[in-house]
Amino acid sequence: MKIVSVKGMRDLLPADTVWFQRLEDEARATFAAYNFQEIRTPIVEPTELFTRSVGEETDIVGKEMYTFADRDGASLTLRPEATASVARAYVEHRLWERPGLCKLYYMGPMFRRERPQKGRYRQFYQIGAEVLGGNSPVVDFELLAMLRLLLERCGIQDAELVINSVGCADDRPAYHAALREALGARLPEMCADCQRRAQTNPLRVLDCKVPADQPIIAALPTLESFLDDKCRLHFAQLRQLLDANGISYRVDPRLVRGLDYYTSTAFEFQHGALGAQNALLGGGRYDGLTQALGAPAQAGGGIGFALGADRFVLAMQAAQALSAALTAPAAVIIPLSAGELQPALALAERLRRSGIRIELAESGRKLSRSLELASKLQAGYAVIVGADEAASGQWQLKDLSRGQQQHIDTEGLEARLKEVAAAAPAEVA
RNA sequence: GUGAGUGUAGCUCAGCUUGGUAGAGCGCUGGAUUGUGGCUCCAGUGGUCGAGGGUUCGAAUCCCUCCACUCACCCCA
């Protein structure tokens, strides 16, 4: 029996990782510009963290978590998302006592036991950021502006920002009651899922996609009319900021989030070229989450987002705005025979210490084979090290794109390769 | 959890309807005389045809069961 990777968990080979790295580089640079700093939390957390924050009734907690008993009987879970962990760390280390807002980003694998699908895996990668300690709509605006910039930098032009306000702890009970009331008589006509949702989490009914249910859903009272003054004002101010700064968006009164901790502002960037998984990135405000985990009121609210890196990369590839970065060596050094191996090795080490990407060909192969290898690796140059070159220190440098070659000493070679690396960034087509 | 589709070489696939014990392209390895690549040409490498069972003189091909993968529903990022 051949051993293969676990269902829904895949190897990311170099052809994939160049894209992930590119996304991660852009994300780090963008986050840095908005003064976010990185946090790394454990992949394994106490199960209770997720049941208390994400919510006992959500699909994630209800049926998608990888939960297991530790040897001492403690229930542990592979994190299905990271906001809960960041909030936990915020409380654990009393980060609200530090000056200013707490702005953190993370990137790493998450685990949910769903049926694998295009852009959806059981081990998937998220990049996200959280702003803790602030309740102002300006914070919401800055986060959305940052995301718009990140999308631009990654070459994704056709993602649509969709926003909504899902209310808060103060106004939601009234809305839930109103929904149940309005559904009342018509509920038996609806799909089984909706009947269940009406009991467990009425907000989710709004997200139903069953065609037959749509007329009923369309007639339901909108959440907007139940927002309290605080939420209404917050949302209006956010829209004003987006309008004033030229960030386009669509308000979708039916946009809801699947995790219980969300309040007030909810948003998603949607993209067409992803099959059914059109949510490229999503997030929202979660005022009260840190308090639910034990922080005092002064710890403030929070807002954050997470993007699905696997999906995001698909969108980057679809946009073709960035060519796949070729990780080609600057030069392949070719020792012609075993006698030239040592000088070739020494030369390779010298160049590598200068940060130049160097591949060393096997000694003793025919020169034509080694040059063929250099071509296939798409190296810019080949450096031929034969007995004469080893003796004189004048290497034979061959420009593989032009076919020209010349003698050059170590200093000159190093200078040339550095110059070429500087002129041609990694993502040459 | 539900539905549909697909499983043949490392990769992309043909062959299956009309059973006669496996093919192409790419890749990889080597060669086309001495220390010069990309192109071309030649040769080689490589598969228990997803697994098990059945029908048959004979099964990649027909039948059954199972498994895996993919897409979709659901949900989410």
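A, B, ... follow the sequence lines: proteins, then strands. Residue 1 opens every chain. Values reported hereafter were calculated over all heavy atoms of this structure, with side chains retained and with hydrogens, waters and symmetry mates removed.
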Close N/O contacts between protein and nucleotides 33-36 of chain B (under 3.5 Å):
{"unit_1": "B:rG35", "atom_1": "N1", "unit_2": "A:E389", "atom_2": "OE1", "d": "3.3"}
{"unit_1": "B:rG35", "atom_1": "N1", "unit_2": "A:E389", "atom_2": "OE2", "d": "3.1"}
{"unit_1": "B:rG35", "atom_1": "N2", "unit_2": "A:E389", "atom_2": "OE2", "d": "3.0"}
{"unit_1": "B:rU36", "atom_1": "O2", "unit_2": "A:K398", "atom_2": "NZ", "d": "2.8"}
{"unit_1": "B:rU36", "atom_1": "O2", "unit_2": "A:Q405", "atom_2": "OE1", "d": "3.0"}
{"unit_1": "B:rU36", "atom_1": "N3", "unit_2": "A:Q405", "atom_2": "OE1", "d": "2.8"}
{"unit_1": "B:rU36", "atom_1": "N3", "unit_2": "A:Q405", "atom_2": "NE2", "d": "3.0"}
{"unit_1": "B:rU36", "atom_1": "O4", "unit_2": "A:Q405", "atom_2": "NE2", "d": "2.8"}

Problem set entry | Rounded interatomic separation in angstrom, taking CZ from A:R113 and P from B:rC76 | 19 Å
Exercise. Does the side chain of A:R153 come under 3.5 Å of the side chain of A:T30 through a donor N or O and an acceptor N or O?
Worked result: yes
Seminar exercise, completed: For nucleotides 39-50 of chain B, 5' to 3', base contacts (B), sugar-phosphate-only contacts (S) and non-contacts (-) with protein non-hydrogen atoms under 4.0 Å give ------------
Exercise. Could you give the CZ-to-C1' distance, from A:R402 to B:rG37, as a whole number of Å?
Worked result: 17 Å
Exercise. Can you list every pair that meets salt bridge (Lys or Arg N to Asp or Glu O under 4.0 Å) and has a residue in residues 106-115 of chain A, with sequence neighbours left out?
Worked result: A:E114-A:R120
Exercise. Between the base of B:rC74 and the side chain of A:Q117, is there a donor-acceptor distance below 3.5 Å?
Worked result: yes
Problem set entry | Side-chain donor or acceptor of A:D310 paired with backbone N/O of A:F124 under 3.5 Å | no
Problem set entry | Test side-chain hydrogen bond (donor to acceptor under 3.5 Å, both in side chains) applied to A:R180 - qualifying residues, sequence neighbours left out | none
For this session: Please state how far atom OH in A:Y261 lies from atom C1' in B:rA77, giving the value in whole angstrom units.
Result: 11 Å
For this session: Measure the acute angle between the ring planes of A:F111 and A:Y66, then classify it against the limits of 30° and 60° as parallel, tilted or perpendicular.
Result: perpendicular
Problem set entry | Ring-ring centroid check A:F31 A:Y105, cutoff 6.0 Å | yes
For this session: Please list, chain by chain and in numerical order, all residues satisfying salt bridge (charged side-chain N to carboxylate O under 4.0 Å, His left out) with A:D171, sequence neighbours excluded.
Result: none
Problem set entry | A:F124 over B:rA77, stacked by centroid distance under 5.5 Å, angle under 30° | yes
Exercise. For A:E268 and A:K63, take the nucleotide of RNA chain B holding the closest heavy atom to each; which residue's nucleotide lies nearer the 5' end?
Worked result: A:K63
For this session: Rounded to the nearest angstrom, tell me the gap between atom CG in A:L13 and atom P in B:rC11.
Result: 11 Å
Seminar exercise, completed: Residue pairs passing the side-chain hydrogen bond (donor to acceptor under 3.5 Å, both in side chains) test with at least one member in residues 354-366 of chain A, sequence neighbours excluded, are A:S354-A:E414
Exercise. Taking only N and O in the side chain of A:R257, is any of them less than 4.0 Å away from OP1 or OP2 of B:rC76?
Worked result: no
Problem set entry | Separation of atom CE in A:M9 from atom C1' in B:rA68, rounded to whole Å | 16 Å
For this session: Nearest whole angstrom, please: distance from the P of B:rA77 to the CG of A:L307.
Result: 11 Å
Exercise. A:T47 side chain to A:S75 main-chain N or O, any donor-acceptor pair under 3.5 Å?
Worked result: yes
Exercise. When we call it a touch if two heavy atoms are under 4.0 Å apart, what does A:R115 touch: a base, just sugar-phosphate, or nothing?
Worked result: base
Exercise. Can you tell me how far P of B:rC76 sits from CD of A:E114, to the nearest Å?
Worked result: 9 Å
Exercise. Looking across every strand, which nucleic acid part, if any, lies under 4.0 Å from A:G283 by heavy atom: base, sugar-phosphate, or nothing?
Worked result: nothing
Problem set entry | Residues A:E340 and A:S337: side-chain donor-acceptor under 3.5 angstrom | yes
Problem set entry | Separation between the P atoms of B:rC39 and B:rG7, rounded to whole Å | 32 Å
Exercise. Does a side-chain heavy-atom distance below 4.5 Å link A:L307 with A:F269?
Worked result: no
Seminar exercise, completed: Of A:R120 and A:K7, the one whose nearest nucleotide on RNA chain B sits closer to the 5' end is A:K7
Exercise. So what does A:A306 touch, heavy atoms closer than 4.0 Å: a base, only the sugar-phosphate, or nothing?
Worked result: sugar-phosphate
Exercise. Starting at CG of A:L280 and ending at C1' of B:rA77, how long is that distance when rounded to a whole Å?
Worked result: 8 Å
Problem set entry | N/O (side chain, A:R365) to phosphate O (OP1/OP2, B:rG30) under 4.0 Å | yes
Exercise. Looking for any heavy atom pair under 4.0 Å, which part of the strands does A:R112 touch: base, sugar-phosphate only, or nothing?
Worked result: base
For this session: Ignoring hydrogens and angles, answer whether the base of B:rG38 and the side-chain atoms of A:S375 contain a donor-acceptor pair closer than 3.5 Å.
Result: no
Exercise. How is A:R10 classified with respect to the nucleic acid when contacts are heavy atoms under 4.0 Å: base, sugar-phosphate, or nothing?
Worked result: nothing
